[in-house]
Amino acid sequence: MTKPGEKKLAHLFQPGKIGKFETKNRVKYGACCVSNYNTRDGFITERELARTKVIAGTGSGIITNQGAYPDPKGEGKAYFRQIALFDDKFMPQFEKIAGYIHDNGGVAIQQILHAGRYGGIDLGYCIQPSVVPQTLPHFRPPREVSKEDIRQMVKEHAEAARRAVRAGFDGVEITSFMGYLLANFNSKFTNQRTDEYGGSVENRGRFMRELIYAIKDSIGEEHPLVVRLNGAELMDRWGGNSEDECFELMQMAGKSGLDMISVTVGWQEAPVSSIGRDVPPGHWNRLAARAKKLLPDIPIAFGVRLPDPVMANECIEKGDFDFWEVCRPLLADPELVRKAAEDRLDEVRPCLGDMLCLSRLFRDLPYLCTCNPALGHEVEPEYHIKPAAVKKKIMVIGAGPAGMEFAINAVKRGHEVTIFEKGDSLGGNLASYAAHDLANPEDLQKLLAQYKKMVEKLGIEVRLNTEVNPKLMRSILHKFDVAVVATGARIDLGGVPAAEQQGLVISALDAAAGNARLGSKVVVLGGGKIGLVLAEFLKTKGVDVTIVEKAKRIGEDVIPAWKWRHTSWVGGLKIPVLTGSGAQKIAGEGVTVINEKGEESFVAADTVIAAAPRKSNQELAQELEFMVDELHMIGDAVSPRGLYQAIHEGYRLGMRI
Amino acid sequence: MTTALIDYLSDLNTWQAALDSQQAVFAAMLPGASIGIIPKREFHSPGGNMLVWEARQGRMVALEQGFSGIRSVGVDLLFVSDDEAIEALHGLRGSAAFEEMKEFIRQGSILFYVLKTKDALLDLGFEEFLEALGLAFIGACR
Ligand SMILES: Cc1cc2nc3c(=O)[nH]c(=O)nc-3n(C[C@H](O)[C@H](O)[C@H](O)COP(=O)(O)OP(=O)(O)OC[C@H]3O[C@@H](n4cnc5c(N)ncnc54)[C@H](O)[C@@H]3O)c2cc1C
Ligand SMILES: Cc1cc2nc3c(=O)[nH]c(=O)nc-3n(C[C@H](O)[C@H](O)[C@H](O)COP(=O)(O)O)c2cc1C
């Protein structure tokens with residue numbers, strides 16, 4: 001029977017075709033190549049298998065398994081715990097994964113990923129078409145490949161592809177995503193060869209054509225080959241390919257006998273965003289539409305920063321592309337496709353595009369997701385929802401993300417939960433953050449809306465405008481077995497010099513909650529994430545803002561892959577920043593600032609927003625110590641941090657209580 | 001290269017004065033740590049000179065060296081700059097010079113190549129300098 005969402009999103013849920021294979025819908029799970037869950041020598045672990053089982057169960061018509069490097073030397077290896085497919089010894093786990101995908105009715109594609117310029121992670125070098133030094137110190141110094149090396153690489157790709165098919169995969173994918181080997185040959189930035197592999201577009205595309213021919217030859221006509229190609233490299237300033245050249249190469253690939261093109265955007269080194277939250281959803285759709293126009297007979301897959309199934313459905317209807325290729329939104333919520341089919345989109349956990357996943361990968365850590373605390377822990381029974389052995393009556397104090405995440409999971413396990421919130425709405429500081437985010441507030445608002453929806457759907461009792469204090473507690477304590485303190489953190493105004501004039505200094509949290517009147521000349525004390533978000537927002541509203549930060553640099557508490565974003569906004573908005581500095585005196589006309597060298601300066605201000613230091617609201621926990629059987633703390637109440645820790649702690653406590 | 005630009009690049013006294021006004025940023029650098037600056041045109045058709053900042057006896061000094069191409073360049077970090085950016089930076093002092101340089105990097109008027117690995121750069125004491133210019137140390141899918 002057709003489900004209600006399948007009817008609404010009829011184009012997305014119609015069957016599709018790749019080669020001779022029918023797909024049950026138009027969703028392709030895009031390779032999130034490297035979870036970093038595997039062994040250092042390329043074997044797939046139980047942790048990975050458990051995650052892949054969840055991925056296989058997402059309901060996607062096509063599932064692309066993460067990229068395996070094809071060479072025994074590891075020149076193609078991009079991440080410390082990337083999987084390998086250069087030998088038959090790796091096959092048993094691939095067989096299992098192909099099995100999981102087939103058990104769920106999906107078409108199974110194995111990606112072969114040679115990272116080229118970003119490879120050789122265990123070696124002292126990486127290989128490239130030409131010696132073009134790195135622009136990011138994270139990567140290895142380059143060596144140029146010989147023609148003999150090229151022949152060997154093509155052979156290794158073909159052999160790895162053949163192994164994938166022998167392991168039961170229906171087809172294979174090669175990738176130039178984010179500047180890997182294939183992209184390095186295609187691009188005039190990294191390919192400066194003077195032989196038949198370099199120079200003209202025709203020559204630069206030779207490696208790609210040879211790869212396509214060799215792989216098709218090795219896996220056979222009946223097995224599809226997908227090629228991921230840049231619609232835009234975003235490397236113009238480095239002398240990379242223009243969009244026109246990218247599409248010339250795409251056309252060439254199309255003529256070489258492949259079965260699907262996946263359009264990607266950007267290189268790792270690109271100076272502008274391609275997949276972060278600051279890129280509006282749908283921003284790159286035009287590249288897919290151009291590919292489809294150019295190659296109407298070849299299935300086009302696309303999904304870069306396109307997290308919305310409704311938009312994807314419209315694009316497929318318009319003929320912009322054929323398959324919605326989703327990666328991070330399915331990491332954030334593996335139930336996304338099912339929820340879309342059941343018309344429950346308001347229950348979807350959104351991908352925030354905050355790059356926690358990639359920040360972790362580039363620190364050589366397994367990836368995690370802010371919104372999906374179970375990601376990477378699928379193998380651990382402790383992370384699965386099971387009915388609680390003892391059903392408890394629980395009070396949650398604070399309706400921020402930590403409190404709500406906890407409440408939702410505790411209720412799912414059979415506990416009875418009441419949320420007490422002193423404010424007049426759910427959301428805590430997530431709501432304030434969402435109201436000021438410069439990147440794309442909609443993502444944070446969707447998360448907030450999803451929390452509200454789940455609280456309502458699960459019938460969790462909420463008492464708004466109710467501040468829990470010892471007096472209230474004494475009157476209700478007999479009703480609860482457990483108290484969970486999720487009261488967040490505050491700005492410690494005691495850490496800021498007293499102002500001569502009342503009301504001049506306000507807490508950043510009050511300012512963000514809209515509880516304070518601001519002037520037109522603002523000094524923000526504290527250039528951490530809260531101060532930065534506020535300062536950037538105010539500046540875009542025409543307020544004259546200066547940031548004063550004690551540390552040497554701003555953004556010290558920001559996720560690594562997001563720091564540059566703040567630095568760039570602050571620079572772009574021309575917000576003056578005084579680092580290594582603190583407020584010495586706050587008077588009616590402004591702030592006297594003193595730096596590490598003891599030099600004083602004066603910044604005029606009619607409002608001073610204190611965004612630091614932060615202090616956990618723990619006093620209540622101390623007061624409740626002997627009032628309730630079980631007492632727990634989660635989120636910023638434990639120590640002032642951020643969204644990811646609040647959500648993960650709420651989830652973990654909900655799972656185990 | 002235009003005469004004016006050659007003059008700017010080889011005006012070592014002025015560059016030295018700029019470096020002296022910001023020696024704190026280079027304080028952690030080990031002797032021999034070096035940074036090259038060349039105009040974009042020179043990068044594409046080598047054979048001329050490169051401005052070099054090299055750590056020597058506890059301070060950064062401005063020198064001039066030949067540039068015969070990226071494969072043989074001996075510096076740890078190479079900035080490849082538009083002529084206008086070099087002109088604008090020449091003569092600036094103190095933190096203003098860094099702020100201006102940062103802005104040129106952000107806009108793409110100054111490109112940079114790293115010729116040592118992250119660990120080597122850290123060992124050579126580059127962290128403060130790279131951070132001051134807002135250059136990423138980690139991989140950076142954006
Ligand atoms: C402007 C701004 C920008 C931010 N930027 C980022 C960012 O870029 N990245 C990031 O990770 N994080 C950011 N944050 C921080 C993030 O929002 C918090 O870390 C997160 O909300 C913490 O969640 P929590 O549930 O622990 O606490 P909170 O969200 O603070 O919620 C605590 C709740 O408890 C309630 N409460 C407190 N005491 C009582 C009581 N006695 N009785 C009843 N209720 C009580 C409060 O009213 C509040 O609703 C930002 C926050 C702001 C304000
Ligand atoms: C953690 C992570 C790892 C990824 N690794 C790869 C990869 O190795 N190969 C590849 O082709 N794409 C890779 N991608 C890109 C995704 O397949 C996808 O194209 C990209 O994330 C944009 O789509 P999205 O907005 O749906 O996430 C990766 C993405 C993420 C988030």
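Sequence lines set the chain letters: A, B, ... in the order given, protein chains first and strands last, and positions in each chain run from 1. Note that the structure is a prediction, hence the values are computed from the model and not measured.
- Rounding to the nearest 0.5 Å gives a distance of 10.0 Å between CG of L115(B) and CD of Q134(A).
- In this structure, the portion of Q107(B) lying under 4.5 Å from any heavy atom of chain A is its backbone and not its side chain.
- With a threshold of 4.5 angstrom between heavy atoms, R106(B) approaches chain A through its backbone and through its side chain.
- Take S242(A) and apply the side-chain contact (heavy atoms from CB on, under 4.5 Å) test, not counting sequence neighbours, and it matches D244(A), E245(A).
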**Request:** With side-chain contact (heavy atoms from CB on, under 4.5 Å) as the test, would you mind laying out the steps for Y113(B) and V132(A) before giving the verdict?
**Result:** CA-CA 9 Å; Y113(B) 290 97; V132(A) 175; 4.2 Å; yes
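- Partners of P129(A) under the side-chain contact (heavy atoms from CB on, under 4.5 Å) rule, at least two apart in sequence or in another chain, are N184(A), F185(A), N191(A), R193(A).
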List the atom pairs, with distances to 0.1 Å, where a side-chain N or O of residues 568-579 of chain A and a protein N or O form a donor-acceptor pair under 3.5 Å, not counting sequence neighbours.
unit_1  : atom_1 : unit_2  : atom_2 : d
T579(A) : OG1    : K552(A) : O      : 3.4

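- Contact count versus chain B (heavy atoms, under 4.5 Å) is highest, among R553(A), R277(A), R140(A), R565(A), for R553(A).
- Contact detail for F112(B) and T135(A): the closest heavy-atom pair is CE1-O, 2.9 Å.
- Proximity to chain B (any heavy atom under 4.5 Å) is shown, for Q192(A), by neither the backbone nor the side chain.
- With a 4.5 Å cut-off on non-hydrogen atoms, L111(B) touches chain A through its backbone and its side chain both.
- Contact record, V131(A) with I70(B): O-CG2, 4.5 Å, taken as the closest heavy-atom pair.
- Near-neighbour residues of residues 72-81 of chain B relative to chain A, defined by a heavy atom under 4.5 Å from a heavy atom of that chain, are none.
- Among the candidates E99(B), K102(B), E128(B), the residue making the largest number of heavy-atom pairs closer than 4.5 Å to chain A is E128(B).
- At a 4.5 Å heavy-atom cutoff, K40(B) makes no contact with chain A through either its backbone or its side chain.
- Annotation for P133(A) and V114(B): closest pair CB-O, 4.0 Å, computed over non-hydrogen atoms.
- Under a cut-off of 6.0 angstrom, the local environment of NZ in K539(A) is crowded, with over 12 non-hydrogen atoms contributed by other residues, nucleotides or ligands.
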